[in-house]
There are 2 protein chains.
Amino acid sequence: MFAAVAEAGGINKAARHLNTVQSNVTQRIRLLEQELGLPLFHRHSRGVTLTGAGAELLPYAQKIGHLIAEAKRAATDGPVPAGRLCLGSLETTTALRLPPILTAYAGTYGEVDIELRTGTTAELLDAVLGRRIEGAFVAGPLDHPELAAETIVTERLVLVTEPKIASFDHFAAAARGREVKIIVFRAGCSYREIFERFLAGRGLGPIRRLELGTLDGIIGCVGAGIGVTLLPRAVAAAGAARGQIALHEIAMPEMRVETLFVRRRDAFVSSALARFIDCAKARGGAAADPAAVPMATARAAKRAARGG
Amino acid sequence: MFAAVAEAGGINKAARHLNTVQSNVTQRIRLLEQELGLPLFHRHSRGVTLTGAGAELLPYAQKIGHLIAEAKRAATDGPVPAGRLCLGSLETTTALRLPPILTAYAGTYGEVDIELRTGTTAELLDAVLGRRIEGAFVAGPLDHPELAAETIVTERLVLVTEPKIASFDHFAAAARGREVKIIVFRAGCSYREIFERFLAGRGLGPIRRLELGTLDGIIGCVGAGIGVTLLPRAVAAAGAARGQIALHEIAMPEMRVETLFVRRRDAFVSSALARFIDCAKARGGAAADPAAVPMATARAAKRAARGG
DNA sequence: TCTAGTTATCTCTAATTCAGATAACATCGT
DNA sequence: ACGATGTTATCTGAATTAGAGATAACTAGA
């Protein structure tokens with residue numbers, strides 16, 4: 001309750017947030033101050049601010065609160081995954097990599113309710129650090145002392161064009177000085193940033209953007225010559241094998257991107273989360289291919305994508 | 001309360017330890033189990049033992065308990081040292097090094113109640129790790145991830161004999177095959193172990209031991225030819241300067257001993273403890289010399305000891 | 001001056017905690 | 001076999017505490 005008041009900046013706001021009334025919060029803060037023998041807040045007309053002693057106490061209160069919540073989770077967690085699992089993922093990863101992972105996981109562990117939110121790498125890392133989600137797929141590389149990361153897949157981005165473009169040089173020649181339309185998943189997609197920097201560095205452009213929500217939509221539009229895109233090779237390979245699109249390797253280090261799964265190092269790993277990470281590592285390489293039936297054929301789809 | 005029951009191994013014992021009655025503890029454990037929806041203990045006629053879920057919960061409960069205690073200390077701790085300071089020290093250190101530190105500290109910070117317990121290095125480390133004391137003087141070297149250590153003094157042990165023994169070789173010649181009487185502070189004194197290993201390694205002995213509780217007692221006995229001892233050079237130097245005893249250097253790495261002050265790395269450092277560490281580092285080199293008046297002359301005593 | 005925001009305090013009810021007494025059970029030693 | 005001694009579970013009434021509402025007092029800003 002003390003932590004809630006400190007974080008809300010006022011007893012009233014904290015009371016609303018705690019689903020109780022102001023008088024109650026006031027009383028209990030008063031009792032706490034009495035027990036410690038010193039004031040924890042300065043009261044003024046716009047709320048409260050911490051005193052020195054209060055500032056000393058706050059990190060302990062927060063840690064204690066987190067530990068209590070985590071203790072409950074750890075104690076009630078059984079060997080068989082169950083309960084709610086809150087995860088985060090990049091838009092791109094959600095569309096390209098998550099479907100086979102989720103279908104396999106949901107099929108095996110039906111007792112788990114998965115809650116997924118999408119965001120940028122920065123947003124997701126913040127959510128993980130703030131314990132709002134248990135883990136997230138983000139773009140690497142990453143080095144943070146409080147986070148544990150596992151590489152799910154390392155992929156090579158290739159330029160995807162309509163089939164009649166024979167090589168990257170053809171594309172560059174055609175695009176020089178002319179408008180380039182790029183097709184991306186959504187704003188904030190990390191591939192898009194890489195793509196735009198790449199084009200700008202080559203003096204290609206200006207750029208126009210077209211946003212599409214599905215992988216086959218993007219491949220279809222690219223195949224029809226509406227624009228170009230940047231996709232992991234394995235993801236686009238099936239389309240290329242069907243002659244729908246053409247792939248062009250780009251020899252730049254930025255074209256190697258890795259997808260990581262991150263979680264707080266000090267947080268409890270529920271069995272639901274542990275099995276999810278297993279699942280993600282096992283099936284991370286398999287892309288969502290519209291032609292592939294999810295469950296049993298995920299492995300076959302992966303082989304096909306690589307071979308093609 | 002849960003943690004107390006788990007640690008005591010029974011509800012009854014825990015109740016006594018918590019200054020309450022058994023029915024109360026039973027009730028609250030029952031409520032906790034009800035809240036979590038699973039049993040935490042197996043009940044049997046000799047008390048209780050943890051279930052799997054209980055074992056998961058215990059470390060959290062302990063951590064939470066420690067954090068609550070520490071939060072109180074951190075919040076109520078002011079910039080001016082006050083309250084109780086629980087420390088530990090080796091017997092030898094207590095006798096040789098602590099007096100000037102304690103008198104200086106007690107003189108400056110009169111509001112602090114110091115509680116001191118003595119023990120071996122292993123006992124003291126265990127007490128620090130178990131949070132029963134805030135810090136302790138122990139013998140180095142030490143490498144433990146949960147402990148922070150500061151070197152208080154590095155000293156060189158010398159053989160102390162009656163004045164008429166001219167050199168170590170004289171002593172060795174006289175002692176070979178004959179009984180050697182060594183004078184030590186108490187069983188468990190780390191100097192004693194070093195000394196006995198050293199004598200055994202040289203084939204000297206057999207050994208007889210005489211225990212004395214004070215430094216000047218030891219020096220007096222050695223001076224009277226009753227036996228020999230091993231002391232830090234700085235400690236024995238004043239006696240040697242007065243011609244009471246003779247010192248003999250021994251060129252062995254084991255004769256370098258360091259005294260460390262250790263504390264838990266993750267524990268809150270009260271201002272009382274912080275100032276004590278300052279004080280110990282500043283005055284750690286000064287030995288307790290019976291001729292020196294503690295307070296103001298501690299520095300002078302140190303100079304004299306070094307110079308002699 | 002009035003309004004909208006804040007915290008402090010009082011009061012009454014409901015919930016919880018506490019301590020004691022008792023019951024039920026197992027273990028050990030005679 | 002039986003009692004002594006230990007254990008936990010349960011019931012009960014008193015004491016304590018938490019909870020919610022109403023009101024007061026205060027401040028900043030319009």
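Per chain, numbering begins at 1; letters A, B, ... match sequence-line order. For clarity, every value in this text was computed on a predicted model and none was experimentally measured.
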With a cut-off of less than 4.0 Å, is there a side-chain N or O of [X] near OP1 or OP2 of [N]?
{"X": "Arg43(B)", "N": "dC25(C)", "result": "no"}
{"X": "Arg28(A)", "N": "dT17(D)", "result": "no"}
{"X": "Thr20(B)", "N": "dA19(C)", "result": "yes"}

Closest to side chain of [X], choosing from [options]:
{"X": "Val48(B)", "options": "dT7(C), dT8(D), dG20(C)", "result": "dT8(D)"}
{"X": "Ser23(B)", "options": "dT10(D), dT6(C), dA8(C)", "result": "dT10(D)"}
{"X": "Arg16(A)", "options": "dT6(C), dA20(D), dT7(C)", "result": "dT6(C)"}
{"X": "Asn24(A)", "options": "dT10(D), dA20(D), dT7(C)", "result": "dA20(D)"}

Any N/O pairs under 3.5 Å between the protein and nucleotides 26-30 of chain C? List them or say none.
from: dA26(C); atom 1: O3'; to: Ser45(B); atom 2: OG; distance (Å): 3.0

- Query: Base, sugar-phosphate, or nothing for Leu31(B), non-hydrogen atoms under 4.0 angstrom?
  - Reply: sugar-phosphate
- Message: Heavy atoms only, 4.0 Å cut-off, all strands: where does Gln27(A) land among base, sugar-phosphate and nothing?
- Response: nothing
- Taking all non-hydrogen atoms of both residues into account, name the closest pair between Leu57(A) and Ala75(B) and its distance. CD1-CB, 4.0 Å
- Message: To check you understand the geometry: which heavy-atom pair defines the closest contact between Leu40(B) and Ala53(B), and what is its length?
- Response: CD2-C, 4.2 Å
- Message: If you assign Gly47(A) and Arg30(A) each to the DNA chain C nucleotide with the nearest heavy atom, which residue ends up on the more 5' nucleotide?
- Response: Gly47(A)
- Message: Without decimals, in angstroms, what is the distance between Asn12(B) CG and dG20(C) P?
- Response: 14 Å
- Item | d(CD, Gln22(A); C1', dA18(D)) in whole Å | 15 Å
- Task: Report the relative orientation of the aromatic rings in Phe276(A) and Phe261(A); use parallel for angles under 30°, tilted for 30 to 60°, perpendicular for over 60°.
- Result: tilted
- Task: Classify the ring geometry between Phe41(B) and Phe2(B) as parallel (under 30°), tilted (30 to 60°) or perpendicular (over 60°).
- Result: tilted
- Looking at Tyr105(B) versus Tyr109(B), is the centre-to-centre ring distance below 6.0 Å? yes
